[in-house]
Amino acid sequence: MLASPICEMLGIDYPVLQGGMAWISDGKLAAAVSEGGGLGIISAMNAEAGYLREQIRIARTLTDRPFGVNIMLMSPHADAMAAAVVEEGVPVVTTGAGSPVKYMEAWKKAGICVLPVVASVASAKMAARAGADALIAEGQESGGHIGELTTMALVPQVCDAVEIPVLAAGGIADGRSMAAALRLGACRIQMGTRLLVAKECGVHQNYKDMVLRASDISTVTTGRRFGGNTCRCIKNQFTRDFLRVEYEPGTTAEDVANLGAGALRRAAVEGDTREGCVLAGQISGMVKEEMPAAQIVREVCTECEALLGRSGQWVK
Amino acid sequence: MVAEKVKAMLAEKLDMPVEEITEESKFSDLGLDSLDIAEMLMNLEEEFGVTLEADATMTTVGALVARLEQMGK
């Protein structure tokens, strides 16, 4: 059995967190992951707090187990979301796209376990200094908004830089990648893309199919030219149009920021995987089958456990 | 026949209407980089039972079709 101090801290069986994916990680998916022994995460995304409260209620009707909420700090509704997680008694908050420092005092007072997503050593140090309980070091293999470093390079450097536990994210989809992440110093992992195709995930079927059909080189990054807005998504008409405009001489950073507006919703909710943005990680090519979330969590952990048990084979 | 198959394969890969892909289409204009071209060649090898090598002069759909036709496909 994989043992991690953080499992006890969070009251979960398997050291697996589900990624907070906007328009995808809703109360139903989070509940399914938590019921499977991992930690489900509801994405608060850019919505208003009412949406989040509704998703929390849905999750609570489906599971008695703990689950968390991902708050995107750039959201115009971040303040309301930060208050909602306290009022709703959510035990775990993961944060992305910014520094959670302004909410830390209120969250710590409420006993919330805070796990910021970081993509560099400096942001890891800042988050640790602000009082984070653990960090999620996310490499650029991930889908969605990403930094520059790969999981392989980022995780050990973050582990060396902070005293608190580190979780690895980005490029993890099976027991092999989980075992590698643990060997890099992470105490547990976060998976997004693999859980996106869980049976309980309500993302549009066209979106799931696009991930299931993907190969190793199906993803591309958009928004890299001006920095700060880099996104990994599956190549389609949207990315071809985006990249053509992004690299035109007269294009400004603001033009690029506006190019993606509404595109994720178009793909994830409306199923327009041609003109919409299909965020997914580099491991999409390894994800070939829809299955229940609980089975995914169990399979990944069981395979990881077996591999770690055999790792003595490399030492003579 | 070969041209139709190649265009259909590309249309599916790129999720584009097949009419937008002509023999004059350059791979670079279709947004295909060298890795995409290698993947496409592997898929064509499987489809046609041939061995194809990436070649810097093969930059258009028409050139690829011509290569396959030369191989008697």
Side-chain angles (χ1 to χ4, degrees), chain A residues 140-141 150 204-225 231-248 251 259-260 263-264 266-268 270-288, chain B residues 1-68 71 73:
Chain A
Q140 62 119 324
E141 296 92 323
T150 59
H204 198 284
Q205 190 62 40
N206 293 351
Y207 197 118
K208 277 190 191 176
D209 289 343
M210 193 121 175
V211 173
L212 293 166
R213 277 202 313 267
S215 76
D216 57 335
I217 57 164
S218 289
T219 71
V220 68
T221 56
T222 59
R224 208 181 266 286
R225 180 177 173 195
C231 264
R232 181 173 302 287
C233 34
I234 295 183
K235 293 174 194 168
N236 61 359
Q237 193 59 47
F238 168 79
T239 63
R240 287 191 292 272
D241 292 343
F242 191 116
L243 290 168
R244 195 182 52 248
V245 176
E246 181 176 354
Y247 288 97
E248 273 169 7
T251 300
L259 276 175
L264 174 58
R266 215 151 47 233
E270 295 163 21
D272 180 359
T273 51
R274 189 173 142 76
E275 306 282 343
C277 175
V278 182
L279 299 177
Q282 285 185 324
I283 51 73
S284 294
M286 287 165 64
V287 176
K288 295 290 173 213
Chain B
M1 186 60 192
V2 173
E4 271 62 55
K5 271 197 177 167
V6 170
K7 284 187 216 166
M9 188 177 270
L10 277 169
E12 195 191 338
K13 177 176 166 59
L14 296 166
D15 195 16
M16 274 170 98
V18 73
E19 309 79 62
E20 285 181 27
I21 299 165
T22 67
E23 300 209 19
E24 287 71 47
S25 302
K26 281 189 178 166
F27 296 133
S28 56
D29 292 340
L30 293 170
L32 297 172
D33 63 18
S34 60
L35 297 180
D36 294 313
I37 292 169
E39 185 178 70
M40 176 182 69
L41 294 179
M42 295 304 290
N43 292 339
L44 288 168
E45 285 191 1
E46 219 165 281
E47 173 83 24
F48 290 104
V50 293
T51 303
L52 289 162
E53 296 299 335
D55 174 348
T57 62
M58 199 168 63
T59 56
T60 63
V61 173
L64 171 61
V65 169
R67 174 75 53 87
L68 284 163
M71 295 173 131
K73 293 295 154 186

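Lettering of chains follows the sequences in order, A, B, ..., and the numbering in each one begins at 1. The figures that follow rest on heavy atoms only: side chains count, while hydrogens, waters and symmetry mates do not.
Residues Arg274(A) and Glu20(B) come closest through the heavy atom pair NH2-OE2, 4.2 Å. Shortest non-hydrogen contact noted between Glu39(B) and Asp216(A) is OE2-OD1, 3.8 Å. For the pair Asp15(B) and Thr273(A), the tightest heavy-atom approach, listed with the atom from each and the gap, is OD2-O, 4.0 Å.
One finds the OG atom of Ser215(A) at 8.0 Å from the CG atom of Asp36(B) (value rounded to the nearest 0.5 Å). Considering CG of Leu14(B) and CG of Asn236(A), their distance stands at 10.0 Å, rounded to 0.5 Å. Atom-to-atom distance recorded for Leu32(B):CG and Arg240(A):CZ is 8.0 Å, nearest 0.5 angstrom.
Taking a 6.0 Å sphere around CD of Glu248(A), one finds it holds more than 12 heavy atoms contributed by other residues, nucleotides or ligands. Heavy atoms from other residues, nucleotides or ligands lying under 6.0 Å from NZ of Lys288(A) number more than 12. Shown here is Glu12(B), whose CD atom has no more than 12 heavy atoms of other residues, nucleotides or ligands within 6.0 Å. Taking a 6.0 Å sphere around CE of Met42(B), one finds it holds 12 or fewer heavy atoms contributed by other residues, nucleotides or ligands.
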